[in-house]
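Just so you know, residue 1 is the first one in the sequence shown, and it goes up from there. Counting convention: from 1, in listed order, for ligands and their atoms alike.
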Amino acid sequence: MPRLGVNIDHVATLRQARGGREPDPVWAAALAELGGADGITIHLREDRRHIQDRDLRLLRETVQVRLNLEMAVAPEIVELALQAKPDQVTLVPERREELTTEGGLDVAGQIDRVGEAVRRLEHAGIEVSLFIDPDPRQVDATVALGVAAAELHTGRYAEAPEGPERLRELEALRRSGEALVAARLGLHAGHGLNYRNVADVAHIPRMAELNIGHSIICRAVLVGLTQAVREMKDAIDRTSAASIDG
Ligand code: PXP
C-alpha cells in the first residue's frame, strides 16, 4: 500500500485569512499523524501565502513521520531547505517559466538549473523528488538526473470526466510510472486526488507515496462541523448558566 502524505497547507491558509495563531498547522500535523498519516507535506511558497518559515522550523522538530517539503527551485527556498533538512524535498514549479503547459515542473527545459538544486539538496542528505507531468520527455529528463523519486501530477486525471478520458489519463500515469519504476525511481503521485478517484491511482504497480491535501482538509471541515457547533452551543449554555447563577 502506498504511503499517505497529508498536505496541511490549507490549514495554514485558514490561519493566514485572519493573520492569527489558529488553526495551527503544527497541531494539524500531530492530528494527521494520530490518524495514521505516513508523512506530512507542506509547501513553502516564495510569497509565503500559507506555510510560514516558523511552521517549517517547528514541524521539523515535531513531526515524527516523514516530512516532505514542496518547494520551487528558488535560491532562497533552497537555502531554507538546507537548514531545515526535511526528509524529502519535492521540487515543484512556482514561477510561470518553470511550468510545462500541463502544470508539472519543466525538468527537460531547465535540466542544469534543476540538477544544481538536486545536487545541493542531496549533498545535505535530503531525498529529492520531482513533481512532473506524466509525459515521456519529462520522465526521461527526471531519470537522467538520477533523483530518488518522481511525483506524477494527477491533476489532469482528477479533472477528467469519468469514462474514456479519465481512463486515458490513468493510462498515461501507468506508463510513466512503469518507466520510472524500471529506472529504479520511487513512484509518487498527487494533486486533485479525492475519496472517489484515489483507488485507481493507489493501485498503479509500485506506487509508493500519495500526497493529498485539499480533499482531506475539506472533509475534516465538514465531518468536524457538527461537533464544533455542538461545542459552541455548550460554551454559550455554560455562560448563560453562569450569569443566572451570578
Ligand atoms: N503534490 C504536490 C506536488 C502539490 O503541489 C500538491 C498541492 O499543493 C499536492 C500534491 C496536493 O494536492 P491536493 O491539495 O489537490 O490534494
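Which parts of ligand 1 touch Val92 is read off a 4.0 Å heavy-atom cut-off, strictly below it: atoms 3 (C). Close approach of ligand 1 to Asn7 is summarised as follows: ligand atoms under 4.0 Å from at least one heavy atom of the residue are 8 (O).
Scanning all protein heavy atoms for the shortest distance to atom 1 (N) of ligand 1 gives Glu151 OE2, 2.4 Å. In terms of protein heavy atoms, atom 16 (O) of ligand 1 is closest to Gly213 N, 2.8 Å. For atom 15 (O) of ligand 1, the closest non-hydrogen atom on the protein side is Gly192 N, 2.8 Å. Of all protein heavy atoms, the one lying nearest to atom 12 (O) of ligand 1 is His191 CA, 3.4 Å. With hydrogens left out, the protein atom closest to atom 11 (C) of ligand 1 is Asn211 O, 3.8 Å, a heavy atom. Nearest protein neighbour of atom 5 (O) of ligand 1, counting heavy atoms only, is Glu70 OE1, 3.2 Å.
Proximity of a side-chain donor or acceptor of Thr154 to a complementary backbone N or O of His191 within less than 3.5 Å is detected.
Under the 4.5 Å side-chain heavy-atom criterion for Ile, Leu, Val, Met, Phe, Trp and Tyr, Ile216 and Trp27 are members of distinct hydrophobic clusters.
Under the 30°/60° scheme for interplanar angles, the aromatic rings of His10 and His214 are found to stand perpendicular.
Ionic pairing of Arg48 and Asp53 is present here: one or more N-O contacts between side-chain nitrogen and carboxylate oxygen are shorter than 4.0 angstrom.
Using a 4.0 Å cutoff on heavy atoms, Ser215 does not count as a contact of ligand 1.
One side chain, Asn211 or Glu209, offers a donor N or O that lies under 3.5 Å from an acceptor on the other.
Glu122 and Val128 get closest at one heavy-atom pair: CG-CG2, 3.8 Å.
In terms of N/O distances under 3.5 Å, ligand 1 is approached by His214.
Side-chain contact check for Glu162 versus Leu167: every heavy-atom pair is 4.5 Å or farther apart.
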